[in-house]
Amino acid sequence: AMDLANFKISLDTLLDVAPYSALGETKPKGRAEYDLRAYGTYADPFADGQIRLADGSLSLGGYPSLNHLTFTMLAKGRDLTLPKTDPLKATLAQGALTLDGTATWALGGIAKYAFNGSLKGFQLRDLPGLDGAEAAGDLAVTLKGDDSGGMLRGRLDAERLSYQADIKLS
């Protein structure tokens with residue numbers, strides 16, 4: 001078992017993650033069990049095995065944290081997979097989050113990725129940059145791309161959506 005904060009330091013070093021990027025600002029908590037076999041050369045590394053986490057958490061700056069985070073991530077060569085039959089599960093903004101898909105890593109970051117996610121029964125309030133906004137409902141998304149860009153597609157079914165602001169007119 002390994003503390004996730006320590007594992008992330010190793011992973012950031014291996015992937016050469018920029019310190020102020022979204023991946024660099026991610027802060028995991030919890031203890032993961034892992035069974036990984038690394039092979040290849042320093043310039044061309046690979047890994048096979050799995051990483052399991054039960055009841056961890058993950059935060060990114062001032063955004064809502066993922067809590068009760070549970071997953072089994074499979075590693076094969078350079079692919080990291082959250083299986084559709086056993087997706088990542090967590091609580092986010094009081095909603096039930098699930099995520100499955102595959103990311104292919106390379107030195108310097110993620111080379112390509114394809115994920116499906118859903119967030120059922122969420123409630124958001126006062127996100128950074130959106131003070132006064134509230135939303136509640138369900139969200140389903142797909143996220144696909146590579147190191148040159150990506151596409152986020154999805155559907156938001158809002159049970160409640162409101163925005164309140166004071167605007168000074170001169």
Side-chain angles (χ1 to χ4, degrees), residues 1-120 122 127-128 139-155:
M2 175 184 271
D3 183 270
L4 280 184
N6 294 335
F7 180 73
K8 182 169 182 309
I9 291 168
S10 301
L11 191 60
D12 286 353
T13 302
L14 177 65
L15 297 178
D16 194 25
V17 173
Y20 298 104
S21 67
L23 195 55
E25 290 293 309
T26 303
K27 294 178 177 55
K29 290 183 183 173
R31 291 191 60 79
E33 293 182 10
Y34 63 96
D35 179 11
L36 290 173
R37 183 178 70 87
Y39 58 98
T41 65
Y42 181 76
D44 195 22
F46 298 90
D48 289 349
Q50 61 184 357
I51 301 168
R52 285 192 191 111
L53 175 68
D55 203 27
S57 67
L58 186 70
S59 65
L60 175 61
Y63 293 95
S65 295
L66 293 173
N67 295 304
H68 311 293
L69 177 60
T70 301
F71 65 82
T72 298
M73 182 185 314
L74 306 177
K76 182 69 177 163
R78 291 208 169 154
D79 290 339
L80 302 173
T81 301
L82 296 167
K84 191 175 202 102
T85 56
D86 187 17
L88 175 148
K89 295 177 183 173
T91 302
L92 174 64
Q94 293 84 38
L97 174 72
T98 60
L99 181 70
D100 66 78
T102 299
T104 302
W105 60 273
L107 293 178
I110 302 296
K112 66 179 179 175
Y113 51 90
F115 289 97
N116 301 298
S118 71
L119 180 59
K120 298 197 181 289
F122 72 86
L127 288 173
L139 177 66
V141 297
T142 60
L143 177 63
K144 294 181 182 180
D146 57 30
D147 57 359
S148 63
M151 176 67 71
L152 174 66
R153 289 193 169 118
R155 178 181 172 95

Which value, rounded to the nearest 0.5 Å, describes the distance between [X] atom [atom1] and [Y] atom [atom2]?
{"X": "Thr98", "Y": "Leu92", "atom1": "OG1", "atom2": "CG", "result": "11.5 Å"}
{"X": "Thr91", "Y": "Phe122", "atom1": "OG1", "atom2": "CZ", "result": "14.5 Å"}
{"X": "Ile110", "Y": "Arg78", "atom1": "CD1", "atom2": "CZ", "result": "11.0 Å"}
{"X": "Lys89", "Y": "His68", "atom1": "NZ", "atom2": "NE2", "result": "14.5 Å"}
{"X": "Lys76", "Y": "Thr102", "atom1": "NZ", "atom2": "OG1", "result": "13.5 Å"}
{"X": "Glu33", "Y": "Ile51", "atom1": "CD", "atom2": "CD1", "result": "11.5 Å"}

Side-chain contact test, heavy atoms from C-beta onward, threshold under 4.5 Å: evaluate it for [X] versus [Y] and give yes or no.
{"X": "Pro83", "Y": "Leu74", "result": "yes"}
{"X": "Lys27", "Y": "Ser57", "result": "no"}
{"X": "Lys29", "Y": "Asn67", "result": "no"}

Between [X] and [Y], what is the shortest heavy-atom contact and its length?
{"X": "Thr72", "Y": "Gln50", "answer": "CG2-OE1, 3.6 Å"}
{"X": "Gly77", "Y": "Asp48", "answer": "N-OD1, 2.7 Å"}
{"X": "Tyr113", "Y": "Asp146", "answer": "CE2-N, 3.8 Å"}
{"X": "Phe71", "Y": "Met73", "answer": "CD1-N, 3.7 Å"}

Matching residue for Leu88 among Leu53, Leu69, Asp100 - test: side chain to side chain contact (heavy atoms under 4.5 Å, CB included):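 Looking at Leu53, Leu69, Asp100, the match for Leu88 under the side chain to side chain contact (heavy atoms under 4.5 Å, CB included) is Leu69.
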
Check: Arg31 side chain, Ala54 main-chain N or O, donor-acceptor pair, under 3.5 Å: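 Answer holds: no.
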
